[in-house]
Amino acid sequence: MRIAVIGFGTVAKSLLKVLAEKSKLILDEYGVEIKTVGVFKKDGAFINTNGLDLEKIINSQNYRSEEEWVEAANFNKIAGELNCDCAVELTPTNVETSEPGLSHIKTALGYGMDVVTANKGPLALYYPELMELARQVKRRILFEATVAGAIPLFNLVRNTLRANRIISVKGILNGTTNYILSRMTSEKLPFKTVLKEAQRLGFAEADPSYDVDGIDAAAKLVILSNALLRKECRFKDVNRQGIRDITPEAIELARKDGFLIKHLAISEDGVLEVAPRLVEVGSSFAVSGSLNVVKLQTDLAKDLTLIGRGAGGVETASSVLNDILELAILRR
Ligand code: HSE
């Protein structure tokens, strides 16, 4: 399996690290050899069509001086020369244009590659079109890492809830807002102080308004609704309210009555909503810190609740790697 990794942020670097660490296990357990033939940054790429030395890339102090560095190499321009099976699209989310991810995905499909992505923008804006394009060229787009980081939602439904109808999805899909609300509750700290903490800890988006205004959670809810509820919808269809106006006083009032304020994402009866809501102390949504929780209501299996890490480099790379392996096994 020959892959190209596009993007060089936290998730991409973690993926390269995990690929380097796990290559022997992957070969022994699954009989799959994953060769990374390109790693694309903003200003160029590491290219070696025989497979890159990932340790060298991760540890490089001066990447421009590396033998395999090609200045200004752009995936859309050179994709055809890579002889690559799968593009791993890990550039930052943009919910206005969804670029550069959208072009990368279209280019990859155009050259007959499968796609694995952690980038929410292209799917939040163009899920139906991208899936149709993949169907036309007989390739797959796998996107487990786009929603709830390490929690295997799409794989769970695809492989272990076959023939179930997913009736509704309800959850906490953004780790940063959950962290902020949890700390405001337990430590009685003001919003701005805790937001800074979340940024320092590294799970906030590059632009934290994506977290606190519910943009990130709304994008995830759209992907869940398209993929699991089979509801054709887009980012603009979500009723969205952030958490900027939640005060320590409001949290304290709720707590006195036995409730917590949580930032919930709900897709039910054709309505998509992201907003602060009261949940009972002790309910399955009363998870604290940066954890995510997702409750699926299904017709056969009934209710399932999953809790796990929704952010973090290695955690998200876990889902990306599993998607790559699924495609590799299908191609064997
Ligand atoms: N900023 C996101 C979060 C990262 O806090 O959940 C994962 O999408």
Side-chain angles (χ1 to χ4, degrees), residues 7-15 18 88-95 98 101 116-125 127 142-154 169-184 191-192 194-225 227 235 238 240-244 246 261-266 274-276 285 287-295 306-323:
F8 204 66
T10 313
V11 177
K13 284 183 203 153
S14 299
L15 176 68
V18 172
V88 184
E89 217 297 324
L90 303 175
T91 62
T93 295
N94 174 320
V95 291
S98 74
V116 171
T117 187
N119 182 348
K120 289 149 273 194
L123 295 175
L125 265 60
Y127 187 96
L142 295 186
F143 47 89
E144 187 63 71
T146 56
V147 180
I151 305 178
L153 287 169
F154 303 109
V169 178
K170 184 171 177 182
I172 296 173
L173 302 180
N174 182 272
T176 302
T177 48
N178 201 34
Y179 178 85
I180 293 172
L181 292 173
S182 302
R183 292 279 289 161
M184 284 176 76
F191 171 82
K192 280 192 179 149
V194 202
L195 171 59
K196 284 202 185 108
E197 272 181 27
Q199 285 178 289
R200 267 203 304 278
L201 287 166
F203 35 74
E205 294 293 301
D207 173 0
S209 63
Y210 268 50
D211 298 295
V212 296
D213 295 333
I215 296 168
D216 174 75
K220 290 166 175 166
L221 190 64
V222 168
I223 300 172
L224 281 174
S225 303
F235 182 72
V238 185
R240 174 169 58 83
Q241 191 189 335
I243 62 158
R244 284 182 200 268
I246 306 290
I261 300 179
K262 291 288 179 189
H263 201 208
L264 293 188
I266 304 169
V274 171
F285 297 105
V287 297
S288 61
S290 62
L291 286 174
N292 280 193
V293 49
V294 182
K295 184 172 181 179
L306 292 98
I307 298 172
R309 303 264 175 111
V314 172
E315 293 86 340
T316 310
S318 163
S319 288
V320 174
L321 179 58
N322 191 69
D323 280 352

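What you are looking at is a predicted structure, and each value in this text was computed from that prediction instead of being measured. Both counts, for ligands and for their atoms, begin at 1 and track the order of listing.
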Is there a donor in the side chain of Asp211 and an acceptor in the side chain of Thr177, or the other way round, less than 3.5 Å apart?
no
Under 4.5 Å between any side-chain heavy atoms of Val147 and Phe154, yes or no?
yes
Go through it in stages, so that I can follow the logic: the residues are Asp207 and Ser209, the test is side chain to side chain donor-acceptor pair (under 3.5 Å), and I'd like the CA-CA distance, side-chain angles, deciding distance and then a yes or no.
CA-CA 6 Å; Asp207 173 0; Ser209 63; 2.7 Å; yes
Side-chain polar contacts of residues 311-318 - donor-acceptor pairs under 3.5 angstrom, sequence neighbours left out - could you list them?
residue : atom : partner : partner atom : Å
Glu315  : OE2  : Arg309  : NH1          : 3.1
Thr316  : OG1  : Gly312  : O            : 2.7

So, for His263 and Leu181, which heavy atoms are closest and what is the spacing to 0.1 Å?
N-CD1, 3.6 Å
Proximal protein residues to ligand 1, non-hydrogen atoms under 4.0 angstrom:
Lys120, Asn174, Gly175, Thr176, Phe203, Ala204, Glu205, Asp211, Asp216, Lys220, Gly310, Ala311
Counting C-beta onward and ignoring hydrogens, is there a side-chain heavy-atom pair between Lys120 and Val95 closer than 4.5 Å?
no
